[in-house]
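All of these numbers come straight from a predicted model, not from anything done at the bench. These numbers come from the heavy atoms of this one structure, side chains and all, not from hydrogens, waters or symmetry mates.
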Amino acid sequence: MNDLPAAFHISPVPAPGPDAVAPPVFRGIYGMPMFVTIPTADLPASVDFWTRGLGFFDLFGIPGQMMHLRRWAFQDVLLVAGPRSATAPAVSVSFACVLDQIEPIAEALRAVGADVEPRDTAWNTRDIEVITPENARVIFTAAKVFDPDSVEGRNLRAVGIDADDNESHV
């Protein structure tokens with residue numbers, strides 16, 4: 001046990017479960033604890049991809065220079081005018097979502113020309129990975145319901161994570 005307080009009450013990410021509901025759009029202004037800045041040679045095209053394909057919305061911008069996009073609270077992206085990276089970086093940025101958003105996000109990405117397929121991970125999530133027009137590697141990740149008898153449940157238990165741990169964090 002540690003002395004650190006649980007911070008789950010400030011997170012917009014709902015507890016995993018079949019009835020998990022995505023949080024509402026948050027248009028408020030706050031001190032951002034973390035955000036991603038991505039240079040783009042074509043700001044309007046990037047904004048279109050991120051809004052139509054990835055489900056972000058325009059929070060505010062400076063025409064021709066920068067657009068601040070958001071999805072959930074604390075999921076902020078700044079698209080800034082600048083040269084596009086020649087290659088996708090080794091680093092990726094992951095955004096939490098809920099399970100019932102995975103397929104609609106995949107469909108929206110396909111509608112804007114991305115070739116994506118959801119995949120299940122060994123750490124009990126379902127993910128979609130896409131390389132954006134700016135060459136950023138973006139992953140949407142949704143926690144699956146913890147089933148201690150599943151392969152993933154046994155894998156997690158083998159590294160010291162059990163159902164009791166999962167339940168104590170919600």
Side-chain angles (χ1 to χ4, degrees), residues 2 4-38 40 43-44 46-62 66-80 91-112 114 116-134 136-148 150 152-153 156 161-170:
N2 63 42
L4 299 175
F8 286 91
H9 65 283
I10 64 171
S11 174
V13 181
D19 299 324
V21 176
V25 168
F26 184 78
R27 294 187 182 276
I29 302 297
Y30 50 73
M32 295 183 294
M34 180 270 179
F35 61 92
V36 178
T37 302
I38 300 176
T40 175
L43 190 56
S46 291
V47 169
D48 181 66
F49 183 89
W50 282 79
T51 56
R52 287 193 316 125
L54 297 174
F56 283 74
F57 65 90
D58 302 354
L59 188 62
F60 68 87
I62 300 170
M66 179 275 292
M67 182 61 68
H68 181 159
L69 305 177
R70 179 175 294 153
R71 190 166 166 278
W72 293 355
F74 308 116
Q75 291 185 341
D76 294 88
V77 173
L78 301 182
L79 296 175
V80 297
V91 167
S92 60
V93 60
S94 296
F95 295 98
C97 62
V98 295
L99 278 173
D100 70 356
Q101 292 181 308
I102 291 288
E103 194 52 44
I105 292 169
E107 289 172 14
L109 284 166
R110 290 181 198 116
V112 296
V116 296
E117 286 300 323
R119 64 181 167 84
D120 292 328
T121 68
W123 47 91
N124 207 41
T125 64
R126 183 161 296 138
D127 293 358
I128 300 171
E129 180 176 330
V130 65
I131 303 298
T132 70
E134 309 81 30
R137 181 178 288 113
V138 174
I139 298 170
F140 279 81
T141 184
K144 295 184 337 187
V145 176
F146 184 80
D147 176 359
S150 68
E152 294 90 351
L156 292 172
I161 299 171
D162 205 345
D164 290 338
D165 295 328
N166 191 45
E167 292 168 4
S168 68
H169 294 293
V170 293

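Put simply, CZ on Arg71 and CG on Asp76 are 12.0 Å apart, with the number rounded to the nearest 0.5 Å. Going from atom CZ of Phe95 over to atom OG1 of Thr141 covers 12.0 Å, rounded to the nearest 0.5 Å. Rounding to the nearest 0.5 Å gives a distance of 4.5 Å between OG1 of Thr40 and CD of Glu134. Here the straight-line distance linking atom OG of Ser46 with atom CG of Leu79 works out to 5.5 Å at 0.5 Å rounding.
Nearest heavy-atom pair, Arg110 versus Pro118, reported as atom, atom and distance to 0.1 Å: NH2-CD, 3.8 Å. Shown here for Gln75 and Tyr30, the closest heavy-atom pair between the two residues is N-OH, 4.2 Å. Closest of all the heavy-atom pairs between Val145 and Leu99 is N-CD1, 4.5 Å. The nearest pair of heavy atoms linking Cys97 to Phe140 is SG-CB, 4.1 Å.
Relative orientation of the Trp50 and Phe56 rings is perpendicular, given thresholds of 30° and 60° on the angle between their planes.
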(request) Give the C-alpha distance, both sets of side-chain angles, the deciding distance and a yes or no for side-chain contact (heavy atoms from CB on, under 4.5 Å) between Val130 and Phe49. (result) CA-CA 11 Å; Val130 65; Phe49 183 89; 4.1 Å; yes
(message) Please determine whether side-chain contact (heavy atoms from CB on, under 4.5 Å) holds for the pair Leu69 and Asp58, giving the CA-CA distance in whole Å, both sets of side-chain angles, and the decisive distance to 0.1 Å.
(response) CA-CA 5 Å; Leu69 305 177; Asp58 302 354; 3.4 Å; yes
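Residues Met66 and Phe60 have side chains in contact (heavy-atom distance under 4.5 Å, counting atoms from C-beta outward). By the 4.5 Å heavy-atom criterion applied to side chains, Phe74 and Ile10 are not counted as neighbours. Within the 4.5 Å cutoff, the side chain of Pro14 has no heavy atoms near those of the Val21 side chain.
Using modelled atom types, no side-chain atom of Thr125 and backbone atom of Asp127 make a donor-acceptor pair closer than 3.5 Å. In terms of modelled atom types and a separation under 3.5 Å, the side chain of Arg27 and the main chain of Arg70 share no donor-acceptor contact.
Evaluation of the side-chain contact (heavy atoms from CB on, under 4.5 Å) rule for Asp100 yields Val98 as partners, not counting sequence neighbours.
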